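Inspection log for the structure reproduced underneath, given as structure tokens.
No experiment lies behind these values; they were computed from the predicted model shown.
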Amino acid sequence: MRIGLLTEGGYPYVSGEARLWCDRLVRGLGQHEFDIYALSRSERQEAQGWIELPPQVNRVWTAPLWTVDDHGVAFGAGYGRRARRRFAECFGELAAAVCDSGAAGAAGASGAGDALADRFGSALHGLAELARDHGGLVAALRSEAAVRALESACRAPGALRTARAARVPDLLAVASHLERALRPLSLDWYGDDGLGAVDLCHATSGGPAALPGLLAKHFSGVPLLVTEYGVQLRAHYLATGDETLSAPARALLTSFHGRLAAEVYRQATIITPGNTHARRWQERCGAERTKLRTVYPGMETSRFAEVGDREDPGDPDTLVWVGRIEPAKDLISLLHAFAEVRKEEPKARLRIVGAPAEGPEAHAYLAHCRALAAQLFPDEAQGAHAVGDNPVSFEEIGAPGTPELADAYAAGSVVVLSSVVEGFPISLVEAMFCGRATVSTDVGAVVEVIGGTGLVVPPRNPRALGEACVALLRDAGRRERLGAAARARALELFTVEQNTEAFRGIYLEIVSHCPVRREALDDAGEPVPFAHPAEAYMPGRWAVAAGGVGADEGAGPGGAPSWAQETDRPERLKGAGV
């Protein structure tokens, strides 16, 4: 079959999020063909280029979300009176749905919000049709008409209380954010040579990445699969608190992203969260339980196999922390917990392996952690002029002591996670592959991942974290039992193979139950009567003889789906975009 893979700030870019997961999925499903539709987040990301793509990738379409170029077209220059009126109606409805107090965040997405959801969805599809007919809406979404529509919606009865205080600078900022989020409406990806020709759209996240899938379903009836290993709406909630936006602007954008998430979940055929934590978020945002299928991320096990197979359990006095150094990881609590550990176990050591996240805040946080470590353990030097041997070390992968990631986990007998915010804890899974006992804070999907194979303590509780670490440092037998159970669990649930097989079955299920019904045309471009028998559209895989789209193999040129027509396979296009 032919899959349209939809990404935002990710695959196939070198620096993209979920790059490895998408690449492993595409390579593992070599019997299918993939067209990639990628939205980039920065000029730097585009300049770094793509990773090497496998041969089953036919084409790559790209578009930026970071530019502000409106192609020099002022709203009204390329639009007639009817188009301007239509835009005012659709965008006004969209703004009214966003500003309605019942649409505030995820709370309005569940419950009695069906009418409001229909209103938002109809307005969104109306804007998409207008963009298709008039070559885009970039200038329109940044126009004075858009700002006036937002202002009217904020002043209307029943509007969000916070939004009523929005001033012109707030409305301009919101209009700019909405234009970027809705930029996929203006792309030329939806014709018969684009997403209209695929059998299934697979969005690798919610938000703007799923918008092309919504439009492909609206225009061509293509089913949509949405995978979220980090819930996009939750990420937006966390990000808006750091931005220099006013409270009215944050309220409007939060409401918009809540409505967009609800629409994506409503239109998706199947939604695959990466864990129960993400699943709860999706249900809270309006996703139906019958559509949800938990599919754990797949991770490569070969790089950890040697460490996992060793009989050497690592240094019995060493605790290891691995990850990206940032405030959400709460290394401050970890250092205070280690101070308690040192009181009970004077030989204990702590190795912090990782690099700071991007940005000055993360680098300042690392400097603060180093200073705190020096303050908490001041008596390790042999003399006044000696450097000393501090029991806490800060290292990076590639350094002499930890040339590879697996070496970091092999260095100690206990791996610690101290986060206060966490989605899917990748470092815990890596530790489990290495057969290490773990001590973790109860955040995100931690409990679901370890499943009883490690110790869990409350977040921001250094005393509890320290006591759990001491308990494992003193009990070698318990460490060995927990490590073995953790490795067995990881190999069962979190491998690339289980992830690929899960999506292989989901792809077949969706296509067999939701086939795309396309007109069969002859050489003259005229419809061919009865080219697709009625049984070709029946659910199930038994309709092979009829050439049904749910079959594994095409039955003939008249009824074969697009993915079975090898002679019509398009040439691979590198860098096609807008």
Side-chain angles (χ1 to χ4, degrees), residues 1 3-8 10-11 17-18 20-22 24-26 28-29 31-32 34 106 109-110 198-207 209-210 213-214 216-217 222-235 261-299 423-426 429 444-449 451 489-516 539-541 549-550 552:
M1 71 182 70
I3 310 297
L5 194 65
L6 315 175
T7 68
E8 178 197 353
Y11 190 70
E17 298 175 4
L20 291 176
W21 167 69
C22 290
R24 291 164 181 164
L25 177 69
V26 172
L29 298 177
Q31 73 274 35
H32 300 316
F34 287 84
S110 59
V198 303
D199 299 303
L200 168 67
C201 283
H202 185 177
T204 58
S205 69
L214 287 181
K217 180 175 182 179
V222 179
L224 173 62
L225 167 64
V226 177
T227 296
E228 285 189 305
Y229 286 134
V231 180
Q232 193 75 5
L233 182 60
R234 173 179 175 272
E263 181 65 15
V264 168
Y265 297 152
R266 188 172 70 148
Q267 298 295 337
T269 303
I270 289 180
I271 305 164
T272 54
N275 51 71
T276 302
H277 178 66
R279 183 180 183 127
R280 286 196 297 266
W281 266 88
Q282 292 169 337
E283 289 185 18
R284 186 73 179 89
C285 296
E288 298 178 15
R289 289 189 177 184
T290 56
K291 293 183 178 181
L292 296 172
R293 312 279 182 84
T294 300
V295 179
Y296 293 118
M299 298 177 59
F424 186 85
I426 294 177
V429 177
V446 166
V447 173
E448 180 183 3
V449 167
R489 179 176 176 82
L491 291 173
E492 178 184 1
L493 297 178
F494 307 123
T495 63
V496 173
E497 291 76 17
Q498 68 82 21
N499 180 270
T500 302
E501 285 303 312
F503 280 111
R504 190 194 311 275
I506 290 173
Y507 282 1
L508 290 175
E509 178 184 352
I510 291 177
V511 173
S512 65
H513 287 78
C514 306
V516 183
R541 299 174 57 187
V549 293
D552 285 334

[atom1]/[X] to [atom2]/[Y] distance, rounded to the nearest 0.5 angstrom?
{"X": "W21", "Y": "T500", "atom1": "CH2", "atom2": "OG1", "result": "10.0 Å"}
{"X": "I3", "Y": "I510", "atom1": "CD1", "atom2": "CD1", "result": "8.5 Å"}
{"X": "M299", "Y": "N499", "atom1": "CE", "atom2": "CG", "result": "11.5 Å"}
{"X": "R489", "Y": "F494", "atom1": "CZ", "atom2": "CZ", "result": "5.5 Å"}
{"X": "Y507", "Y": "Q31", "atom1": "OH", "atom2": "CD", "result": "10.0 Å"}

Looking at side-chain heavy atoms only, is the closest gap between [X] and [Y] below 4.5 Å?
{"X": "L200", "Y": "L225", "result": "yes"}
{"X": "I270", "Y": "E509", "result": "yes"}
{"X": "R504", "Y": "L29", "result": "yes"}
{"X": "T227", "Y": "V295", "result": "no"}
{"X": "K291", "Y": "Q282", "result": "no"}

Report task. Among E288, E283, E228, find the one that has a side chain to side chain donor-acceptor pair (under 3.5 Å) with Y265. Result -> E228

Taking all heavy atoms of [X] and all of [Y], pick out the closest pair and write down the distance.
{"X": "D199", "Y": "V511", "answer": "O-CG2, 4.1 Å"}
{"X": "I271", "Y": "A268", "answer": "CG1-CB, 3.9 Å"}
{"X": "P223", "Y": "V516", "answer": "CD-CG2, 3.7 Å"}
{"X": "G206", "Y": "E8", "answer": "O-OE1, 4.2 Å"}
{"X": "A203", "Y": "A209", "answer": "CB-O, 4.1 Å"}
{"X": "V26", "Y": "F34", "answer": "CG1-CD1, 3.9 Å"}

**Report entry** CA sep, side-chain torsions, deciding dist, call: N275, V449, side-chain contact (heavy atoms from CB on, under 4.5 Å)
**Finding:** CA-CA 8 Å; N275 51 71; V449 167; 5.9 Å; no

Query raised in the report: Is the shortest distance from a Lys or Arg side-chain nitrogen in R279 or E448 to a carboxylate oxygen in the other one below 4.0 Å?
Result: no

Query raised in the report: Should the pair R266-E263 be classified as a salt bridge under the 4.0 Å nitrogen-to-oxygen rule?
Result: yes

I'd like to know if the side chain of [X] reaches the main chain of [Y], judged simply by a donor and an acceptor atom lying under 3.5 Å from each other, with no hydrogens or angles considered.
{"X": "Y296", "Y": "T495", "answer": "no"}
{"X": "Q267", "Y": "G213", "answer": "no"}
{"X": "T204", "Y": "L6", "answer": "yes"}
{"X": "H202", "Y": "L5", "answer": "no"}

Query - side-chain contact (heavy atoms from CB on, under 4.5 Å) between H277 and V446, worked out - result: CA-CA 9 Å; H277 178 66; V446 166; over 6 Å; no

Requested in this report: Inspect the surroundings of CD1 in I426 and state if more than 12 heavy atoms from other residues, nucleotides or ligands are less than 6.0 Å away.
Outcome: no

